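Report on the following structure.
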There are 2 protein chains.
Amino acid sequence: MTTEFPAPAPGLRARKKQRTRDELLRAALELFTSQGYEETTVDEISEAVQVSQRTFFRHFSSKEDAAFRVQDLIESHFVTTVSGRPPGEAPLEAMRRAVLDAWNTVGEAIEALVPLELHMRTYQLIESTPSLLATHMRRSADLEEVLARVIAEREGLDVDEDPRPRLVVAAFSGVMRMTGRRWGAGNEATVESIREITAAYLDRFESALAADWHRG
Amino acid sequence: MTTEFPAPAPGLRARKKQRTRDELLRAALELFTSQGYEETTVDEISEAVQVSQRTFFRHFSSKEDAAFRVQDLIESHFVTTVSGRPPGEAPLEAMRRAVLDAWNTVGEAIEALVPLELHMRTYQLIESTPSLLATHMRRSADLEEVLARVIAEREGLDVDEDPRPRLVVAAFSGVMRMTGRRWGAGNEATVESIREITAAYLDRFESALAADWHRG
DNA sequence: GAGGCTAATGTCAGCGGCTGACGCGAAGCA
DNA sequence: TGCTTCGCGTCAGCCGCTGACATTAGCCTC
């Protein structure tokens, strides 16, 4: 556990670097959420961490990059979880379980970067800031593509031949976007809250798909 | 027709202004499509029209604004057309007819701004430029909201009470986004081509919705 | 543990998008 | 004709972002 193979005990330099990165991220999100994204200057962020502006851009490719850093983590976490679902599950079921699972386990991973509550506020900010929302939507489209390929592979399908993987993912993503929006608009900025909303929407969605629409 | 109420015969100054605006738009799109959006400088655009950079920003709130000016026209044209459909038509049918109608009539309106073919190339550019695509998707979401309200009003529904308007519009928009993408990826950059693709996709979509899925 | 090597940061100069302030000259109007 | 308006040019400046070079502090080897 101390000096093993996959953990080559990062040296002081690496740790310092990581610390700077973390502090920059925290300061950025704190400033973004407290005074607005557009209103926050990269100079302000760097100054808050006592670092030059250039250093900020060495750690984050852009101001937006900082805003979406935690999302990166969450999304890759989700993709990994989906990939790990047993092959027997139907695609929608796998994604449903994966997203609920993910919300249970991703918390501590987030917490290692920034306080969970800070991320929740950041997400609300993304939903309410036009330029960030635009990027968020494009990123979601990218994620859909990745998911479609994962699902296609699970089912042994060619994503360019069979439209169903993309369709399932599109429907699922639609529901997820809806929940994200609904949650972002509300006041319950907690993980439990988003888990609940997600579960509720997915349940309704799936039962609506499965039910006989021509009966009650 | 000459000096009527809604057309107060624009004076020389107004015409000059309009001319400058048109030239700027054309030059911008021409440069965007020929050398790329990010690679084009506002200075280049202004210089091509022999005006100061400041003048560009007096006519366009941003570089992006120029890229989406024609889209603005098309979208408002489409919304107007939908609003004008007879109330008897079902929502999906109204939107289907509106979009096909719109493609027939919007051509000359576009042509009044820029050559049609230039707009077609611009659309393809939007689809293939990340930052523009992001904005495009956010704009589509805004348009969905507007459409949902139009549909809700047609049907005498409250858009915040009944989810169906938003659902229908979401499904319709999904199909439209798909056609836009497919068309943008292809080589047939003509209005006829996009009209054909649109009609084909909508037909398949509607029949898929209407058909009995449990029979061949 | 003294040397050189390297990686993280600071500094500086500069580009491109965008804005406010001010002045000018031409179009509109009395 | 003279006054007003308004479209435009100019200038200065902020902010996001980048390349180039200097500096220093961790590290690595002898």
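Chain A is the first sequence line, chain B the second, and so forth, proteins listed ahead of strands; every chain is numbered from 1. Remember, predicted model here, so these are calculated numbers, not experimental data.
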Counting any heavy atom closer than 4.0 Å, what does T41(B) reach on the DNA or RNA strands: base, sugar-phosphate only, or nothing?
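Sugar-phosphate only.
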
With heavy atoms under 4.0 Å as the rule, sort S46(A) into base, sugar-phosphate or nothing.
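Here S46(A) touches no strand at all.
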
Send over the distance from [X] [atom1] to [N] [atom2], rounded to a whole Å.
X: F56(B); N: dT10(D); atom1: CZ; atom2: P; result: 18 Å
X: R58(B); N: dG20(C); atom1: CZ; atom2: P; result: 11 Å
X: E23(A); N: dA8(C); atom1: CD; atom2: C1'; result: 15 Å
X: E44(A); N: dC14(D); atom1: CD; atom2: P; result: 14 Å
X: D43(B); N: dC11(D); atom1: CG; atom2: C1'; result: 14 Å
X: R19(B); N: dG7(D); atom1: CZ; atom2: C1'; result: 14 Å

Counting heavy atoms not belonging to E39(B), are there more than 12 under 6.0 Å from its CD?
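Yes, the 6.0 Å shell around CD holds more than 12 heavy atoms from other groups.
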
Could you check whether atom CZ of R182(B) has more than 12 heavy atoms from other residues, nucleotides or ligands sitting under 6.0 Å from it?
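Open.
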
Salt bridge between E144(B) and R166(B), side-chain N to carboxylate O under 4.0 Å?
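The answer is no: the pair does not qualify as a salt bridge.
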
Please tell me if [X] has a side-chain N or O lying less than 4.0 Å from either OP1 or OP2 of [N].
X: T20(A); N: dA8(C); answer: no
X: K16(B); N: dA27(C); answer: yes
X: T55(A); N: dT9(C); answer: no
X: H59(B); N: dC8(D); answer: yes
X: K63(A); N: dC17(D); answer: no

Donor-acceptor pair (no angle test) under 3.5 Å: R54(B) side chain, dG20(C) base:
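Yes.
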
Spell out yes or no: do the side chain of R15(A) and the base of dG26(D) have one donor N/O and one acceptor N/O closer than 3.5 Å?
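Result: no qualifying N/O pair found.
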
Which sits closer to the 5' end of DNA chain D, A14(B) or V42(A), going by the nucleotide each is nearest to?
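Between the two, 5'-proximity favours A14(B).
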
Note, F56(A) side chain near V51(A) side chain (heavy atom, < 4.5 Å)
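Not in contact.
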
Specify the residue among Q50(A) and S61(B) whose closest nucleotide of DNA chain C lies further upstream toward the 5′ end.
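Residue closer to the 5' terminus by nearest nucleotide: Q50(A).
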
Mapping Q53(A) and Y37(B) onto DNA chain C by nearest heavy atom, which one lands closer to the 5' end?
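This one resolves to Q53(A).
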
Nearest to the side chain of V51(B) - dC18(C), dC17(D), dG9(D)?
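Ranking dC18(C), dC17(D), dG9(D) by closest atom to the V51(B) side chain puts dG9(D) first.
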
With under 30° as parallel and over 60° as perpendicular, where do the rings of F32(A) and Y37(A) fit, or are they tilted in between?
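Correct class here is perpendicular.
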
